[in-house]
Visitor: 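Mind looking over this structure? Questions follow.
As the structure is a prediction and not an experimental result, all values here were calculated from the model.
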Amino acid sequence: MIRVYNTSSRQKEDFITIDPNVARIYVCGPTTYNYIHLGNARPLVVFDTIRRYLIYRGYKVIYVQNFTDVDDKIINRANEEGVEAHELAQRYIEEYFKDADALNVMRADKYPKVSEHIPEIIQVISTLVEKGHGYVRESDVFFGVATFPEYGKLSGRSLDDMLSGARVEVDARKEQPVDFALWKKAKPGEPSWESPWGKGRPGWHIECSVMSTKYLGMTFDIHGGGADLIFPHHENEIAQAEAFSDRPFVKYWLHNGFITVNREKMSKSLGNFFVVRDILDKYPAEVVRLYLLSTHYRSPLDFDNTKLDEAGKALDRLRNSRAILEEAMVKAEKVAGLPADVELAREIADLGAKFVEAMDDDFNTALAFSQVFNLARLINRYLAGGIINSLGTLEDAARLFDDFLEVLGLNLKTVADDASERVDESVVGEIILDLVEFRKKARQEKDYRTGDLLRDLLYNNGISLEDYKEGSRVKFESEPVLSSLMADILALRADLRKEKAFTRADQLRDILNQYEIVIDDTREGSSWRFKA
RNA sequence: GGGCGGAUGGCGAAGUGGAAACGCUGCGGUCUGCAAAACCGCCAUUCACCGGUUCAAAUCCGGUUCCGCCCUCCA
């Protein structure tokens, strides 16, 4: 049984969907006037992981995330830049997808935008006015909070609390200070739409009430977002939706905690935010994802580079273990019933159950990760100990490993995959020139054997050399490719090391090290990778 | 002022009544021409403080100290 912490009841509840085996989820998306920052990325990754887990547990998940593309901040920013508001919003929606895709966030089933749902919004506001929940003042429409007795049930505060502690400057036209806008009269130069109350645009909260229920039904299972949306945004969504439909709006309210910097909330207003795009320049996306999931989603998560460094090392551990397992599967034999295998099979089943138990308990990704690391250690220990490995057992381990990674949305890209992304041709070119220099020195030291081997190597990679007394002329016949160049260099080093020409082998290693390329020599052979 | 949450090893972080997960760091070891990497092992008698309940408390109750968040656009 999955248990979820419901903000509404402030406790964990059994997760029972309205329709068996179908989970309908709505998550508040960003206002698209800028690149998303890390604080925006947390709910993306958190709710994506929840979605993945529900799929893993056999649910059909219908996932909707909105874009707020009509908003003061968008309008202001567009005016500053001298572009149309909708153009600006569209541009940052496209930028949003670049970041979200990098973080391996599954695409939602629907991305509704405010600008495309104006008729539906007007319809709902009209009904609210007819039912007495909304009132019109000079082309503005407000929601009368006093008409909805349950107002405050999500955020756990009473109307009296709010009235006494109100810090809002009161709009004299409001009946109550806490009343909020459903429809805002257009100011000159703003995007606006015709309505029964004159030209204007929707208030912030109404879009989510309207769009979520349009795609998911009047009552749906999960509504998610950052904890800062609990009040007033989600409180107001409930008031609007339930006053409109007279039915419960949402069954489970889930809210993620904040990212903090030096223990202060990361936010646009404080200016202490880090843009995802910049972080992804420095760290692989899967490292960022692991970092975001290393803490329970409701806890605060402090940002600092050392945490990302740690996450990177932790991820290496998983990557290595998975790679070792893959190699072992190639060499494994189809035997069964070995004592070590029986033991391993038992422990694999145990870890699988513990992973599910962790995720069942309000999506405890931190605890789930501990099981992934335990699996990695289990595999490493097993492979270190056994001479004969049973293919079937290894396949079971690999399947479980991959299931874990799929749920957590982690891609363990191989070094070769990574290489194509990180390297540009100029680096390869510089390496080639260094190799030519290296060859020159070897020849000056009368080491013609190494020199000849290098000429062959370079020729294989599309570079021909013409030796003259004063030096060598380098001709690039075709574009060298790092992966094949590296394979050849490793082969050359193997040759040199076999001949005990360690000095030359080490010199090659040093050259590559300058390009952040690390050579690892092991008993089985050598491999290369980029410095973390 | 009102509402909510937190305090766990050198660092990060799970754990809501019964032997303190996991990651990083550190230390020891295996491997190795060397280096690096990788792998294995070890590292909290103790959970902010005080008192209480209980056979049993990091976990429940009361109090104290400190910290964060919401009440205004914010994920």
Side-chain angles (χ1 to χ4, degrees), chain A residues 7 10 12 27-31 36-47 68 71-73 76 152 155-158 160-169 178 204 224-233 235 255-260 263-270 273 290-291 294-296 298-302 304 306-307 309-318 320-321 323-324 354 358 361 364-374 376-377 379-381 383-385 497 500-503 505-506 509-510 513 518-524 526-529 531-532:
Chain A
T7 305
R10 277 182 217 86
K12 287 180 193 169
V27 178
C28 285
T31 302
I36 60 168
H37 68 239
L38 194 63
N40 301 312
R42 191 177 192 191
L44 295 186
V45 169
V46 161
F47 290 103
T68 299
D71 171 90
D72 287 341
K73 292 187 291 288
N76 293 340
S155 51
R157 51 192 97 191
S158 68
D160 288 343
D161 292 340
M162 285 181 264
L163 292 174
S164 62
R167 300 199 312 211
V168 221
E169 77 274 23
V178 286
W204 175 38
D228 47 1
L229 297 180
I230 295 171
F231 190 90
H233 185 55
E235 195 70 71
H255 293 96
N256 62 275
F258 304 121
I259 306 269
T260 59
R263 307 211 151 254
E264 267 191 332
K265 182 185 171 187
M266 180 185 290
S267 75
K268 289 174 186 168
S269 39
L270 289 172
F273 60 90
L290 189 151
Y291 157 74
S294 63
T295 300
H296 186 93
R298 280 189 283 115
S299 301
L301 175 55
D302 206 58
D304 104 58
T306 62
K307 307 249 172 71
D309 293 338
E310 280 187 19
K313 286 174 186 166
L315 191 74
D316 281 342
R317 193 175 166 75
L318 298 180
N320 283 323
S321 184
I324 292 170
K354 282 182 174 163
D361 184 12
N364 191 336
T365 53
L367 190 56
F369 261 113
S370 75
Q371 303 311 335
V372 185
F373 287 106
N374 283 334
R377 188 182 312 105
I379 290 167
N380 293 340
R381 202 190 295 147
L383 292 177
R497 291 175 70 224
K500 306 273 186 217
F502 294 123
T503 311
D506 289 351
R509 187 164 64 192
D510 292 343
N513 198 37
V518 180
I519 305 280
D520 298 321
D521 293 328
T522 68
R523 205 171 28 174
E524 288 77 26
S526 303
S527 62
W528 70 278
R529 68 197 157 79
K531 219 175 264 180

Visitor: Need one value for A:G225: base, sugar-phosphate or nothing, where a base atom within 4.0 Å counts as base even if backbone is also close, heavy atoms only.
Guide: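 Sugar-phosphate: the residue A:G225, judged by heavy atoms under 4.0 Å, touches backbone atoms but no base.
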Visitor: Between P on B:G68 and CG on A:L270, what's the gap in Å once rounded to a whole number?
Guide: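 Checked: the CG to P distance equals 12 Å.
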Visitor: Does the A:D302 side chain pair with the main chain of A:R263, one donor and one acceptor, at a distance under 3.5 Å?
Guide: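 Flag set: sc A:D302 to bb A:R263 pair under 3.5 Å.
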Visitor: Side-chain N or O of A:S299 versus OP1/OP2 of B:A14: is the shortest distance under 4.0 Å?
Guide: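 For A:S299, the contact criterion (side-chain N or O under 4.0 Å from OP1 or OP2 of B:A14) is met.
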Visitor: How is A:L229 classified with respect to the nucleic acid when contacts are heavy atoms under 4.0 Å: base, sugar-phosphate, or nothing?
Guide: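 If one applies the 4.0 Å heavy-atom cut-off, A:L229 turns out to touch the sugar-phosphate alone, with no base involved.
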Visitor: Determine whether A:L367 and A:D361 make a side-chain contact, defined as any pair of heavy atoms from C-beta on separated by less than 4.5 Å.
Guide: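 The answer is no; the side chains never approach within 4.5 Å.
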Visitor: Which part of the nucleic acid, if any, lies within reach of A:R263 when heavy atoms closer than 4.0 Å are counted: base, sugar-phosphate only, or nothing?
Guide: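 Sugar-phosphate, no base atom in range.
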Visitor: Can you tell me how far C1' of B:C70 sits from CG of A:N256, to the nearest Å?
Guide: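 Rounded to whole Å, this separation is 14 Å.
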Visitor: Mind checking the C1' distance from B:G12 to B:A21? Whole angstroms is fine.
Guide: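 Between the two C1' atoms, the distance is 14 Å.
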Visitor: Base, sugar-phosphate, or nothing: which does A:I259 touch, judged by heavy atoms less than 4.0 Å apart?
Guide: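 A:I259: base contact, heavy atoms under 4.0 Å.
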Visitor: Please work out if A:F231 contacts a base, only the sugar-phosphate, or nothing of the nucleic acid, heavy-atom cut-off 4.0 Å.
Guide: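 Counting heavy atoms under 4.0 Å across all strands, the contact made by A:F231 is with sugar-phosphate only.
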Visitor: With a non-hydrogen cut-off below 4.0 angstrom, is A:N40 in contact with a base, only sugar-phosphate, or nothing?
Guide: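 The residue A:N40 makes base contact.
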Visitor: For B:G5, take OP1 and OP2 only and decide whether either is under 4.0 Å from a side-chain N or O of A:R10.
Guide: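 For B:G5, OP1/OP2 do not have a side-chain N/O of A:R10 under 4.0 Å.
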Visitor: How about A:D228 and A:F258: do any of their side-chain heavy atoms sit closer than 4.5 Å?
Guide: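 Heavy-atom side-chain distance check passes, below 4.5 Å.
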Visitor: Give the rounded distance in Å between these two atoms: CG of A:L367 and C1' of B:A20.
Guide: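 After rounding, the gap between these two atoms is 13 Å.
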Visitor: What is the distance from NZ of A:K12 to P of B:G5, rounded to the nearest Å?
Guide: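 That distance rounds to 14 Å.
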Visitor: Does A:G257 offer a backbone N or O that forms a donor-acceptor pair with the side chain of A:R42 under 3.5 Å?
Guide: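 Judged by distance alone, yes, a pair lies under 3.5 Å.
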Visitor: Classify the nucleic acid contact of A:H296 as base, sugar-phosphate or nothing, counting any heavy atom under 4.0 Å across all strands shown.
Guide: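 Counting heavy atoms under 4.0 Å across all strands, the contact made by A:H296 is with sugar-phosphate only.
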Visitor: B:A57 and B:C49: how far apart are their P atoms, nearest whole angstrom?
Guide: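 That atom pair is separated by 15 Å.
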Visitor: Under 4.0 Å, heavy atoms only, any strand: does A:G224 hit a base, just the sugar-phosphate, or nothing?
Guide: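 No contact.
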Visitor: According to a 3.5 Å limit on both distances, what stems of 3 or more consecutive Watson-Crick or G-U pairs are formed with RNA chain B?
Guide: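 So the stems come out as B:1-7 with B:65-71, B:10-12 with B:22-24, B:26-30 with B:38-42, B:48-52 with B:60-64.
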Visitor: For A:H296, check ring pair (Phe, Tyr, Trp, His ring centres under 6.0 Å) against everything at least two apart and list the hits.
Guide: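 So A:H296 forms no ring pair (Phe, Tyr, Trp, His ring centres under 6.0 Å) with any residue.
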Visitor: Got a donor-acceptor contact below 3.5 angstrom from the A:N513 side chain to the A:R509 backbone?
Guide: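 The answer is no, because no donor-acceptor pair under 3.5 Å joins these two groups.
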Visitor: I'd like to check A:T68 versus A:K73 (side-chain heavy atoms, cut-off strictly below 4.5 Å). Are they in contact?
Guide: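 Result no, sub-4.5 Å side-chain heavy-atom pair not found.
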Visitor: Please classify the nucleic acid contact of A:S267 as base, sugar-phosphate, or nothing, using heavy-atom distances under 4.0 Å.
Guide: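 Base contact.
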Visitor: Quiz question: going by heavy-atom distance under 3.5 Å, is there a donor-acceptor pair between the base of B:C70 and the side chain of A:S155?
Guide: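 By the distance-only test, no, there is no pair.
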Visitor: Less than 4.5 Å apart, side chain to side chain, heavy atoms only: is that true for A:F273 and A:L38?
Guide: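 A side-chain contact under 4.5 Å is absent here.
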Visitor: Without decimals, in angstroms, what is the distance between A:I230 CD1 and B:G2 C1'?
Guide: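 That distance rounds to 16 Å.
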Visitor: May I ask you to evaluate whether A:K265 reaches the phosphate of B:C70, defined as a side-chain N or O under 4.0 Å from OP1 or OP2?
Guide: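 Answer yes for this pair, as a side-chain N or O of A:K265 is under 4.0 Å from OP1 or OP2.
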Visitor: When the P atoms of B:U46 and B:C50 are compared, how many Å lie between them, rounded to an integer?
Guide: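 B:C50 and B:U46 have their P atoms separated by 13 Å.
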Visitor: Think A:N380 has a side-chain N or O under 4.0 angstrom from the OP1 or OP2 of B:C40?
Guide: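 Yes, within the criterion.
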Visitor: Mind checking the C1' distance from B:G17 to B:C60? Whole angstroms is fine.
Guide: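 Roughly 8 Å separates the two C1' atoms.
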Visitor: Sticking with atom C1', work out how far B:U16 lies from B:A58, rounded to a whole angstrom.
Guide: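 Those two atoms are separated by 9 Å.
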Visitor: Flag the pair A:D316 and A:K313 as a salt bridge only when some basic side-chain nitrogen lies within less than 4.0 angstrom of an acidic carboxylate oxygen.
Guide: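 A salt bridge is absent here (no side-chain N lies under 4.0 Å from a carboxylate O).
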Visitor: Rounded to the nearest Å, what distance is computed from the CZ atom of residue A:R298 to the P atom of nucleotide B:A14?
Guide: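 That distance rounds to 10 Å.
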Visitor: Evaluate A:S267 against A:H37 for side-chain contact (heavy atoms from CB on, under 4.5 Å), listing each step before the verdict.
Guide: CA-CA 9 Å; A:S267 75; A:H37 68 239; 5.7 Å; no
Visitor: Do nucleotides 22-37 of chain B as a string where each nucleotide becomes B, S or -: B if the base has a protein heavy atom under 4.0 Å, S if just the sugar-phosphate does, - if no protein is that close.
Guide: SBSS------SBBBBS
Visitor: Between B:A48 and B:G68, how far is it from one C1' atom to the other, in whole Å?
Guide: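 The answer is 15 Å between these two C1' atoms.
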Visitor: Please give, in whole Å, the distance from B:A38 P to A:R381 CZ?
Guide: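 Checked: the CZ to P distance equals 18 Å.
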Visitor: Toward the 5' end of RNA chain B, which comes first, A:T260 or A:K73, by nearest nucleotide?
Guide: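 Whichever sits nearer the 5' end wins; that is A:T260.
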Visitor: When the P atoms of B:U53 and B:U59 are considered, how many whole Å apart are they?
Guide: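 Going atom to atom, P in each nucleotide, I get 15 Å.
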Visitor: Looking at every heavy atom in both A:R298 and A:H255, which two are closest together, and how far apart are they?
Guide: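 Nearest pair, atom of A:R298 first, then A:H255: CG-O, 3.5 Å.
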Visitor: Taking atom P in both B:U25 and B:G41, what distance in whole Å separates the two?
Guide: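 Rounded to whole Å, the distance is 16 Å.
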Visitor: Does A:I230 reach the side chain of A:E235, with side-chain heavy atoms less than 4.5 Å apart?
Guide: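 When only atoms from C-beta onward are counted, A:E235 and A:I230 do not touch, as no gap falls below 4.5 Å.
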Visitor: To the nearest Å, give me how far apart NZ (A:K354) and C1' (B:A14) are.
Guide: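 These atoms are roughly 13 Å apart.
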